[in-house]
Amino acid sequence: MIKKDFSILFIVTALCGAVTINSLSSCSKNDGDSYVDDLMSKMTLEEKIGQLNLPVGGDIQSGVVLGPQLDSLILEGNIGGFFNVKGVEEISRLQHLAVEKGPHGIPLLVGADVVHGYETIFPIPLALSCSWDSVAVERMARISAIEATADGVNWNFSPMVDICRDPRWGRIAEGSGEDPYLGSVMAKAYIRGYQGDDMKSDSTLIACVKHFALYGAAEGGRDYNTVDMSKERMFNYYLPPFQASVDAGVGSLMTSFNLVNGLHSTASKWLLNGVLRADWGFNGLVVTDYNSVPEVSTMGTASLEDAAAKSLNAGTDMDMVSGLYVKTLADAVKRGLVKEKTIDDACRRVLKIKQKLGLFEDPYKYCNVERSKKDIFTPEHRAQARSIAAETFVLLKNDNNTLPLKKKGKIALIGPLADAANNMCGCWSMLAKTENHESLLTAFRRAVGNEAEILYAKGSNIYYDETTQRNATGLRGIEYVKDDNSLRAEALAVANRADVIVAAIGESSDMSGESASRTDITIPDTQRDLLKALVKTGKPVVLLLFTGRPLVLDWESENVPAILNVWFGGSEAGDAITDVVFGDKSPQGKLTTTFPRSVGQIPLYYNHLMSSHPDPQEGVFNRYCSNYIDCSNEPLYPFGYGLSYTSFEYGKPTLSSTTLEKGGTLTLSVDVRNTGDCDGVEIVQFYLRDPIAGIARPVKELKGYQRVYIPKGETKRVVFTVNEEKLKYYNSDLEYLYEPGEFYVMVGPDSRSLQVLTFIAK
Ligand code: BGC
């Protein structure tokens, strides 16, 4: 039975009065361990287990299981926090209930998935990474934290740092692409933005890095599927962004849904108590993903009764949704499966996070209704979202300078995504009020004013098949119209009256993100047919591609003159797209994940190892070489690729020396000239290769980059530092080292177009 204990609340209230700032010093709630130790000494075993329970509220659905009544859990002391409740009034009511009526008056953690914005929505994380702009990402995370905390949230289930080499996996949209270096840079930027440097502020919150680990490598790109991977691959490519997050001081970490070499990550002692805590020194909170504890049993590695014990013993502190910790852990202690000390350690970590946030000093610091009225979806935040979104678009093709468009004549805007305001945001926008967002069509009309005429037609459904369309558009339905032929005929009539055609097509918002895997990653059937018909008119066509993943664009890359990949750009996507389409801004994004030519090439990624039979002649089939009979090995658009409205010319790079002494540094310099007609930003990339090492190393690895603004006609010198750290990798014994010898450095505008120099490392 759960014992209700109001004594602590009484003492706290007596000492602190109405929890005023003046009384804080006497409370010592901020004191290292003593406050938490003292509190825990008064808690029963059941109350400690209660702190490990994280039920879902139920306002917002992000998983299969729905939430129980939070009030009774709070009164019973069977809860450490909750998530998926929106709105400061309700959150405040629950927080008051916990503090005033719950055992010991312990405040609650309030979680949410504020992954790319709260109500001001920014582009999906994959798009954000294509800006390569960590300062912008930090700014977006700061704004997200300001808005979320203003509405009562104190714990953010972001960033998602899973490396992904398989675009069939829908959750590729939520991460920073395929590269561990860039992924680490971005992870740190998110964490700085969310947590800031003062966790006691009322506008910072605890970040939660997820999903630990290897979730992005789900077999076949099918969500929730198995992962089996060598440790060499894990440590060199998949784990670095997690380690970088720990180094950046992330407060919490979420386990993943998948097996890691036969064990559910949530119950993997090696992964959690070993790698994460013992090796990396993480001392924050570990929470499961949605309902993962019983899934430890589903996946065949513990009985349902023992799944909680196994997860806790592995290092998982908090149980999201399932309630199995509360149901089974006390009994597991009796059965000798779990030590009380293990429960104490987990409970302490939950309480320490609350202490870190300053919740014991002021449990209502995030319950400020005034802030919620003025700090959310503000003009300033929206202006930032607009400007950041424009940085994320990637210009894949631009024959004859089709883009930017002039604001004149008749422009036909055609496609099922042209007037779908609720489909601009992308996967994690359940917290947004999409009714406040505008469609691309509205933004186009405003942008051109009286200077040009915007004609519009929907042109097609998302898919020919109604069921597939329903699967693809789930939460943010796009109306299905019975007859695709008449939609297309209408669109062609509109197109024939126009001077230029802009096709707003691709994936609908729910075709990427969780539980949105695809086997065919081309533009959906009816939309592709629409595009073909539009191209056939002979008029210039611009493809504005909405997508949450790399698509196979074989036909499009051959036949459509201009392709601007706009991903899902957030609440201000419409204006951001017009900024770029009409040339107020030049595109500057570059891909952070490879675009394959064919789904059969997957997994396809730039930092691959050498095969035993390298292909000597790319593009020609060579028997007994590592190639395909029916397709080149090369991607369609490589990692790092992206065009601009201007052009850049790279000079000959130089190295300060051809020898890197032990403990020394080299500099790699290159001059980049803007040779085009407008100012622009270029993302200059630096790669490295270790041709002979203890274990095979990739043909190239990103080791640095710089975003440089270069006015037209001007030249900028870009300088990179090469040091021993850049050469290191994990060998088969998981030692982090490098072996002296020859190395290649490469510099250029993308991972395919590189100039190479060599040096010897001592
Ligand atoms: C997702 C997590 C998310 C959680 C809570 C899960 O289904 O995998 O990324 O944080 O739900 O909404």
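Since the model is a prediction, treat every value here as computed from it, not as a measurement. Order of listing sets the numbers, starting from 1, for every ligand and every atom in it.
The F257 neighbourhood of ligand 1 comprises atoms 6 (C), 7 (O), 8 (O), with distances under 4.0 Å to a heavy atom of that residue. In the vicinity of Y290, heavy-atom distances shorter than 4.0 Å reach the ligand 1 atoms 6 (C), 7 (O), 11 (O). The K210 neighbourhood of ligand 1 comprises atoms 2 (C), 3 (C), 9 (O), 10 (O), with distances under 4.0 Å to a heavy atom of that residue. Listed by number with element, the atoms of ligand 1 under 4.0 Å from a non-hydrogen atom of F83 are 5 (C), 12 (O). Below 4.0 Å from some heavy atom of D289 lie the following atoms of ligand 1, by number and element: 1 (C), 2 (C), 3 (C), 4 (C), 6 (C), 7 (O), 8 (O), 11 (O).
Close placement of the Y215 and W169 rings is indicated, their centers lying within 6.0 Å of each other. Annotation: Y605 is not in aromatic contact with F639 [ring centroid separation under 6.0 Å not met].
A side-chain contact (heavy atoms from CB on, under 4.5 Å) with Y238 is found for one member of V260, L214, D162, V161 and no other, namely L214.
Ligand 1 does not have E174 within reach: every non-hydrogen atom of the residue lies 4.0 Å or more from it.
In summary, the side chains of S322 and D319 do present a donor paired with an acceptor at a separation below 3.5 Å, with no hydrogens or angles considered.
K354 forms no cation-pi arrangement with W155, by the criterion of a distance under 6.0 Å to the ring centre and an angle within 45° of the ring axis.
At a 4.0 Å heavy-atom cut-off, ligand 1 does not touch M160 at all.
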